[in-house]
**Student:** 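Take this structure first; my questions come after.
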Amino acid sequence: MANWQSYISGVGAFVPEKAFTNFDLEKTLDTSDEWIQQRTGIVKRHWADDDVATSDLAVKASEEAIADAKIDKHDIDCIIFATLSPDHDFPGAGCFLQEKLGLNGIPAFDIRQQCTGYIYGLSMADAFIKTGQYKNILLVGAEIHSKGLDRTPEGRNVSVLFGDGAGATIISSKESGGDNDSHIISHDLHADGAFAKELWIPAPGTANGADRINQTMLDEKLNFGFMNGRTVFMHAVKRMSESLAFTLKSNNCTIDDVDLFLFHQANLRINDKVGEIMGIPAEKVFNTIQDYGNTTAATIPLGMRDAVKAGRLEKGMLVGLAAFGSGFTWGSSLLRY
Ligand code: UT7
């Protein structure tokens, strides 16, 4: 029986055209470019038009990834869609994406691991490929946050942080090759529901009494994200560093062996701290938060596409991924791109 390995055969990304700078937000949000840049590194974010759904962004990113992988779209035999902002409560956004791509019939998973969604999805795709179940998996992370933000001064602590966007990768199978050939190496995944309410959207939901949502909940703004920023920040730094250290150690790798790190993009200061703790030279970390804000499940594949375009990521490079987010969920991956 063949010994299957998975690798990233194509990458694509898409953000809505309209960009909103920190200066644009100053006009309505009682915030300042200085505060946002100093605390987060964000300069601008893209927000979608009203008639655009999350799966529309995912279609564009997927088409670029399919072209990059140089496969026919009908070679895709599974979709994994990571998002916390699906088109509708159900069915999953993966079904809407599948229909828009004209890939009806293949399985479509939605996964809900928020900012760690891409890494969870990558580990799923890797496992499916290794068992020989699928040959080309479309793994997408996409979000439209803008429609779920409290864009009044009261919501400024959360609303300045998030952007809309999508990143897609094709995870393909091949027979095991040499250590320096492209292949996904390993993953480390975690969750701790004790912190579920440190970063969450309470409503709609079945834990809210008789109604999933009602006017009182809307008046209390329970349909918008709540975040205990400092707690999240502290745990993000600790958990991303821990997980990355574990993944490197379990593969007998050091920081020197790794060519590029792609971290989740929640705050430039989080990534700088992780770099400092781990002793990672700044030039080995590729950040995009300046341009896109936090696009949750999309940050890592979006960064991957931009790193390729910028000439910072090439075939054969050893790449470390790490993310942390709501749940809390966190994890890391190591791959030969
Ligand atoms: O992707 C999922 C994971 N998410 C994260 O990892 C985010 C983690 N947390 C963070 O990145 C940071 O905690 C934030 C960027 C969210 C906040 O930075 P902070 O340094 O922790 O600020 P803070 O929340 O402690 O607020 C400091 C001050 C407060 O004013 P006072 O009480 O000191 O007078 C806030 O009211 O900054 C004020 N503030 C703002 N001022 C201008 C909060 N938001 C804003 C704003 N503009 N947008």
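Whatever order the structure lists ligands and atoms in, that order sets their numbers, starting from 1. Please read all numbers here as calculations on a predicted model, not as lab measurements.
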**Student:** May I have every N or O pair linking ligand 1 to the protein at under 3.5 Å, one per line with atom names and distance?
**Tutor:**
from, atom 1, to, atom 2, distance (Å)
ligand 1, 1 (O), His264, NE2, 2.9
ligand 1, 1 (O), Asn294, ND2, 2.6
ligand 1, 9 (N), Gly229, O, 3.0
ligand 1, 11 (O), Asn267, ND2, 2.7
ligand 1, 13 (O), Gly229, O, 3.2
ligand 1, 20 (O), Arg39, NH1, 2.8
ligand 1, 20 (O), Arg269, NH2, 3.3
ligand 1, 22 (O), Arg39, NH1, 3.3
ligand 1, 25 (O), Arg230, NE, 2.7
ligand 1, 25 (O), Arg230, NH2, 2.8
ligand 1, 36 (O), Arg156, NH2, 3.1
ligand 1, 37 (O), Trp35, NE1, 3.0
ligand 1, 41 (N), Trp35, NE1, 3.3
ligand 1, 47 (N), Thr31, OG1, 2.6
ligand 1, 48 (N), Thr31, OG1, 3.2
ligand 1, 48 (N), Arg156, O, 3.2

**Student:** Is any side-chain heavy atom of Lys73 closer than 4.5 Å to a side-chain heavy atom of Ser62?
**Tutor:**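 Counting from C-beta outward, Lys73 and Ser62 never come under 4.5 Å.
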
**Student:** May I ask you to list the residues sharing a hydrophobic cluster with Leu103, side-chain cutoff 4.5 Å, ordered by chain and number?
**Tutor:**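 Noted: Leu103 shares its cluster with Val59, Ile66, Ile71, Ile76, Ile79, Phe81, Leu97, Leu101, Ile106, Leu138, Val140, Ile170.
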
**Student:** Report the distance from atom CD of Glu242 to atom CH2 of Trp330, rounding to the nearest 0.5 Å.
**Tutor:**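 That separation rounds to 7.5 Å.
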
**Student:** Quick one: sort the Phe195 and Phe328 rings into parallel, tilted or perpendicular, breaks at 30° and 60°.
**Tutor:**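 Answer is parallel, since the angle falls under 30°.
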
**Student:** Is the distance from the ring center of His187 to that of Tyr120 below 6.0 Å?
**Tutor:**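 No, they do not, as the ring centres are separated by 6.0 Å or more.
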
**Student:** Run the ring-centre check on His46 versus Phe20 and record whether the distance is less than 6.0 Å.
**Tutor:**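 No, too far apart.
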
